[in-house]
Amino acid sequence: MMRKYWQRWLTLATFGLVFSGYATSEPLTWPLEQRTPFNVKIQQSQTLNYLPLTKAQQPWRICALVPHLKDAYWIGIDYGLIQHAKTLGVSLDLFEAGSYYHIDKQLAQLQSCMQGDYDAILLGSVSPDLLAQFTAPLTKPVLALVNKLNSDQVKTHIGVNWYQMGLLAGNFIKADATSQHPQQTANLALLAGPENLGGTDLVEQGIRQALEGSQVKISAIQHADNNRNLYRDQLQMLLKAQQPDYILGSAVAIEAAISTLKQKRLSNRVKLVSSYFSPAILRGLKREKVIYSNDDLVVLQGKLAIDVTVKQLEGAKAFGDIGPAIIKRTSSSNTLSQLDFSLAEADFYPLYQVRPHSH
C-alpha cells in the first residue's frame, strides 16, 4: 500500500513539475568551460556541467560595475545579472562608467562600492590595469566580469577568452577565403573597439594568429569607441580608400556596416563578420547580410557572475577562469536556435537595482 502511495506521489510530483513548465524551461545545469592557466592569453579548456544555486543563504549585497550599457552586449550581461539576482534573493546595485575612456569615474565608483554596504564587487573593468591605479586596499572580494583584470588579488574571472574570440573569427574568414578564391589574396578591414581597452587588443591578436601565413591580409585597422555614428564615419573613410573583401568588427560596427554597404551598393561584394552577437547581428545572419558571428552567451555570463559571487560569499573557493564555450553562429538556420542564454528579452531595458522581496 505504502509503495503504491509513493509511486502515485512521484507521478503527481513529476507531472506537476512538467505542467508548471519547470522541467521544460532552463536546464538544471549550465554548459560551461573551466580554463587554465588563469588570466593568460593561451589557455586549455575543460567542459563543465555547472550546477547553479536556486536560493542564497542570505540576502547578500552585490555591487556590479560595468563600462557602459550602450549596446546589446552589456545589456545582455545586465539582463543575466538582474534575472539571477532575483532568482537567488540577493541585492544588486549596478553602476556604469559611461565609456571605456572614463577610468576616473570607474575608480570613483569602485571606491564607493568598497566603502559602501556591499559584500562583494563584480568588476567589468574599463582597463585591464584598473586595480594598479586603485590606491585603497581591496577589503571585499572582487571578481572580474567579462573583461580581463590584472591583479594578484582577483582569483575569479567570469567570461570567455577574447583571444579565442579573435582566433575563431579569423579562422572562419581564412576558411571562407580559401574556399571561395583559393589562389587569390583577400583583404580584411578591422573596425575594432577602443584601442587596448576591453577585449579589443586580445581579439586583434587572435585574428592575426589565425591569419598568419594565409592569403588573407589585414588591409586596415580603425579604432573607435563603440558608437554607431563613429563607425559610420570610419566606414565612409574606409570605403573611399579601398574596397576590402571582408570587414570584421564589433556588433555595433557591423550593424553600421550593413546599412552603409547597402547605400553604396556593395552588400554583395563585401562580407561582414561580427566579433560578438546581438539582436541586429541575428537579423543580419538570418537575412544573409552577415556571414559569421561569435556568440559568448552574455545572458549566461551575467547569471553565472551572480551565482559564483554568492557561492564564494557562502564559502566556496575562487573559480578561476570560468564561462560558457563560444558558439559559432552562421546564416545556416540550425545555428540560430537556442538563444535564451544569448540575448536579453526584446522588451528588456537596462535595470540598475534588485532588492529581495521582503517576507
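In what follows, residues are counted from 1 in the order of the sequence shown.
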Check: D78 side chain, L351 main-chain N or O, donor-acceptor pair, under 3.5 Å: yes
Note: K140-D119 ion pair, threshold 4.0 Å (strictly below): no
Check: W60/E314 side-chain N/O donor and acceptor closer than 3.5 Å: yes
V290 versus I258, closest heavy-atom pair with distance: CG2-CD1, 3.8 Å
Side-chain touch I121/L143, heavy atoms, less than 4.5 angstrom: no
CZ (R355) with more than 12 external heavy atoms under 6.0 Å: yes
Pair Y349-D347, side-chain donor/acceptor within less than 3.5 Å: no
Ion pair check, D245 and K271, cut-off under 4.0 Å: no
In one Ile/Leu/Val/Met/Phe/Trp/Tyr side-chain cluster, 4.5 Å: V40, V154: no
Working for side-chain hydrogen bond (donor to acceptor under 3.5 Å, both in side chains), residues Q236 and K264: CA-CA 10 Å; Q236 297 290 349; K264 295 184 175 293; 3.0 Å; yes
Under 3.5 Å donor-acceptor, E96 side chain and P67 backbone: no
Side-chain H-bond candidate by donor/acceptor type, Q34 with Y50, under 3.5 Å: no
Side-chain (T260) to main-chain (A257) donor-acceptor, under 3.5 angstrom: no
Candidate pair K303 and D340, rule salt bridge (Lys or Arg N to Asp or Glu O under 4.0 Å), full reasoning: CA-CA 12 Å; K303 290 181 179 225; D340 290 356; over 6 Å; no
Other residues, nucleotides, ligands: >12 heavy atoms within 6.0 Å of K262 NZ: no
Heavy-atom donor-acceptor pair, S127 side chain to D129 backbone, under 3.5 Å: yes
Side-chain donor-acceptor contact under 3.5 Å, Q312 with T156: yes
Side-chain donor-acceptor pair present, N150, N39, cut-off under 3.5 Å: yes
Check: I322 main-chain N/O paired with H157 side-chain donor or acceptor under 3.5 Å: no
Validation row: L130, L107 side chains within 4.5 angstrom (heavy atoms): yes
For A136 against Q111, the heavy-atom pair lying closest together: CB-OE1, 3.6 Å
Hphob cluster co-occupancy, I158 + F38, side-chain heavy atoms under 4.5 angstrom: no
Distance in Å, L65 CG paired with L94 CG, rounded so as to fall on 0.5 Å steps: 7.5 Å
Test item: side-chain donor near acceptor, Y246 and D176, under 3.5 Å: yes
Minimum-distance pair of heavy atoms, taken over all atoms of Q234 and L191: OE1-CD2, 3.9 Å
side-chain contact (heavy atoms from CB on, under 4.5 Å) between S331 and K286, worked out: CA-CA 6 Å; S331 53; K286 284 183 171 175; over 6 Å; no
Y276 and W162 aromatic ring geometry - parallel, tilted or perpendicular at 30°/60° bounds: perpendicular
Residues S275, N294; criterion side-chain hydrogen bond (donor to acceptor under 3.5 Å, both in side chains); working and verdict: CA-CA 6 Å; S275 59; N294 293 318; 6.0 Å; no
S91 vs P356 side-chain heavy atoms within contact, under 4.5 Å: yes
Charged tip of R329 within 45° of F277 ring normal and under 6.0 Å: yes
Audit row: D296, Y73, side-chain hydrogen bond (donor to acceptor under 3.5 Å, both in side chains) steps and yes/no: CA-CA 10 Å; D296 57 336; Y73 192 96; 2.4 Å; yes
Any donor-acceptor N or O pair under 3.5 Å, side chains D307, H84: yes
Main-chain N/O of A186 paired with K217 side-chain donor or acceptor, under 3.5 Å: no
Y118 and D93 side chains, donor-acceptor separation under 3.5 Å: yes
Interatomic spacing from CG in L69 to CD1 in I75 - rounded to 0.5 Å: 6.5 Å
Donor-acceptor side-chain pairing of Q242 and N187 below 3.5 angstrom: no
side-chain contact (heavy atoms from CB on, under 4.5 Å) assessment of K240 paired with M237: CA-CA 5 Å; K240 267 184 190 170; M237 289 191 296; 5.8 Å; no
same_hphob_cluster(Y352, L88) at 4.5 Å side-chain heavy-atom cutoff: yes
Heavy-atom check, side chain of Q215 versus side chain of T178, under 4.5 Å: yes
Considering all heavy atoms, the nearest G98-K70 contact: O-NZ, 3.3 Å
Any donor-acceptor N/O pair, Q106 side chain to G124 backbone, under 3.5 Å: yes
Within 6.0 Å of CD in Q46, more than 12 heavy atoms from elsewhere: no
Of V66, V160, I77, the residue whose pairing with V146 passes side chain to side chain contact (heavy atoms under 4.5 Å, CB included): I77
Separation between CG of L123 and CG of L131, rounded to the nearest 0.5 Å: 6.0 Å
E255 side, atom CD; R283 side, atom CZ - distance, nearest 0.5 Å: 6.5 Å
Modelled atom types, side-chain donor and acceptor of N147 and Y100, under 3.5 Å: yes
Backbone N/O of A256 and side chain of R232: donor-acceptor pair under 3.5 Å: no
Minimal non-hydrogen separation, V310 against V90, with atom names: CG2-CG1, 4.0 Å
Pairwise side-chain contact, Y292 with L168, heavy-atom cut-off 4.5 Å (strictly under): yes
Approximate separation, where rounding is to 0.5 Å, of I207 CD1 and I173 CD1: 6.5 Å
Within 6.0 angstrom of Q44 CD, more than 12 heavy atoms from elsewhere: no
Taking every non-hydrogen atom, the tightest pair across P244 and L238: CG-CD2, 4.4 Å
Stepwise side-chain contact (heavy atoms from CB on, under 4.5 Å) test for I326 and Q164: CA-CA 8 Å; I326 301 159; Q164 190 71 20; 3.9 Å; yes
Chi angles and distances behind the side-chain contact (heavy atoms from CB on, under 4.5 Å) call for L32, L300: CA-CA 9 Å; L32 300 178; L300 179 53; 3.9 Å; yes
pair T36-Q43: side-chain heavy atoms closer than 4.5 Å: no
Common cluster, I221/L239, ILVMFWY with side-chain heavy-atom separation under 4.5 Å: yes
Nearest-0.5 Å distance, CD of residue E33 to CG of residue N161: 9.5 Å
